[in-house]
Amino acid sequence: MSPRSLALALCAAVALTGCGGGTSQPSTTSTSSSATPTPVALTLAKAKVLAAAAVLTDADLPGYTTRAQTHDASNDALDAKMTTCLGVTTPTYLTRNFGTAFSKGDLEIDSSADVATSIADAKEQAVNMTSSKAPDCLKSQLTAALAGSGFTVTSFSAQPVSVTIPGSDAAFVYTMAVAGTVQGRNIEVYGFSAGSLVGQVEVGVSVFAPSATTFTLEQTTALLAKATERTRAA
């Protein structure tokens, strides 16, 4: 998952909370399996098919309000700052699908898909997002992004969780907790940033709500597994 999509999800969740409170973070679990990488180079047409398969749809989350995810130069700038923080080269992609944002009450669920230019590049990006530098880089870049929405971060936690997603070549989850103020009011947001790799396709799912019990880690990994399975089958 790119910082761009994660920042959008966090900003949207902050807007949805209505300045509500939160509770403690959940414990971690996962499912397991293994898969082999896509062995052939992708055409642009095939990359777009895979990216479309990797994002969540209305059928995955019935009853939610939906809106298309947007993208502009500021999102590219955020991605570039993240890679600078990590000390790596800004990645390029065959194609990107910014997906749909789903909301229900104070709950925000987003997904996206990036198709790297090669399997090696995709694997390198997955390693970068799970490096020892990643939590601090996520904190600095997302804090800056939230500040642009008028939200002042007072505490931020991004804790990696080891997971295995069926059909993926690699996977990760960060459990996240953000507290801060906006217009003098306190807000707490909890959630997950999850990603998996299928060949050259980077599948991302993020979930945020004002309570850690609104949407569980198990539910989040189930959504990621569903998107991963579709990508593998596409």
Side-chain angles (χ1 to χ4, degrees), residues 1-7 9-10 13 22-38 54-56 60 79 82-83 85-88 91 107-116 119-142 155-178 189-209 211-232:
M1 164 172 291
S2 76
R4 174 211 69 83
S5 56
L6 184 53
L10 255 176
T23 59
S24 61
Q25 292 204 60
S27 60
T28 64
T29 59
S30 181
T31 53
S32 64
S33 184
S34 61
T36 54
T38 305
V55 296
L56 299 176
D60 299 319
D79 283 348
M82 182 68 179
T83 54
C85 181
L86 291 170
V88 299
L107 173 63
E108 171 86 7
I109 300 175
D110 294 354
S111 75
S112 62
D114 298 329
V115 183
I119 291 176
D121 285 349
K123 287 181 177 179
E124 181 180 2
Q125 291 168 40
V127 169
N128 293 338
M129 282 302 294
T130 56
S131 73
S132 59
K133 292 182 178 180
D136 285 341
C137 289
L138 284 171
K139 178 180 180 179
S140 63
Q141 302 313 312
L142 294 177
S155 68
F156 184 102
S157 173
Q159 299 295 325
V161 179
S162 178
V163 296
T164 304
I165 299 297
S168 72
D169 301 318
F172 70 89
V173 174
Y174 283 98
T175 62
M176 305 186 72
V178 183
V189 178
Y190 300 86
F192 307 98
S193 171
S196 69
L197 188 64
V198 181
Q200 291 169 233
V201 187
E202 302 162 16
V203 185
V205 173
S206 60
V207 176
F208 291 102
S211 168
T213 60
T214 300
F215 205 86
T216 66
L217 175 61
E218 289 79 7
Q219 289 172 297
T220 302
T221 55
L223 286 177
L224 183 62
K226 184 178 294 188
T228 299
E229 181 182 9
R230 275 202 304 264
T231 307
R232 180 64 67 184

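One-based numbering along the sequence shown.
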Smallest separation among heavy atoms of Ala113 and Ala54, with atom names
CB-CB, 3.5 Å
Which atom pair, heavy atoms only, marks the closest approach of Glu202 to Leu197?
CG-CD1, 3.9 Å
Side-chain touch Asp79/Gln141, heavy atoms, less than 4.5 angstrom:
no
When rounded to the nearest 0.5 angstrom, what distance separates CD1 in Ile109 from OG1 in Thr214?
10.0 Å
Would Leu138 and Met129 count as a side-chain contact (heavy atoms from CB on, under 4.5 Å) if you check the C-alpha gap in whole Å, the side-chain angles of each, and the deciding distance to 0.1 Å?
CA-CA 9 Å; Leu138 284 171; Met129 282 302 294; 4.3 Å; yes
Does any non-hydrogen side-chain atom of Val207 lie less than 4.5 Å from one of Glu108?
no
Short side-chain to backbone donor-acceptor contact, Asp110 and Ser206, under 3.5 Å
no
So NZ of Lys139 and CE of Met176: to nearest 0.5 Å the spacing works out to 11.5 Å
Would you say that Leu223 contacts Phe215 through its side chain, given a criterion of any heavy-atom pair below 4.5 Å between the two side chains?
yes
Going by the rule side chain to side chain contact (heavy atoms under 4.5 Å, CB included), which residues pair with Glu229 if we only count those two or more places apart in sequence or in a different chain?
none
Contacts of Tyr174 meeting ring-ring contact (aromatic ring centres under 6.0 Å, His included) (sequence neighbours excluded), chain-then-number -> Phe172
Sequence neighbours excluded, which residues qualify as side chain to side chain contact (heavy atoms under 4.5 Å, CB included) partners of Ser140?
Cys85
Of all heavy-atom pairs between Val55 and Arg230, which one has the smallest distance, and what is that distance?
O-NH2, 3.0 Å
For Ala171, what residues pass the side chain to side chain contact (heavy atoms under 4.5 Å, CB included) criterion, not counting sequence neighbours?
Val163, Ile165, Ser168, Ser196
When rounded to the nearest 0.5 angstrom, what is the spacing between OG1 in Thr220 and CZ in Phe208?
10.0 Å
If the condition is side chain to side chain donor-acceptor pair (under 3.5 Å), which residues does Thr83 pass it with, not counting sequence neighbours?
Thr90
Taking the side chain as every heavy atom from C-beta outward, state whether Arg232 and Val201 have any atom pair closer than 4.5 Å.
no
Which residues pass the side chain to side chain contact (heavy atoms under 4.5 Å, CB included) test with Val127, sequence neighbours left out?
none
If we only count heavy atoms from C-beta on, is the Val173 to Leu217 side-chain gap below 4.5 Å?
yes
Heavy-atom closest pair (Val198 atom, Gly167 atom, distance to 0.1 Å) is CG2-O, 4.0 Å
Please report the closest heavy-atom contact between Thr216 and Phe192, naming both atoms and the distance.
C-CE1, 3.6 Å
Closest heavy-atom pair, Lys226 versus Asp60, reported as atoms and distance to 0.1 Å, is CD-OD1, 2.9 Å
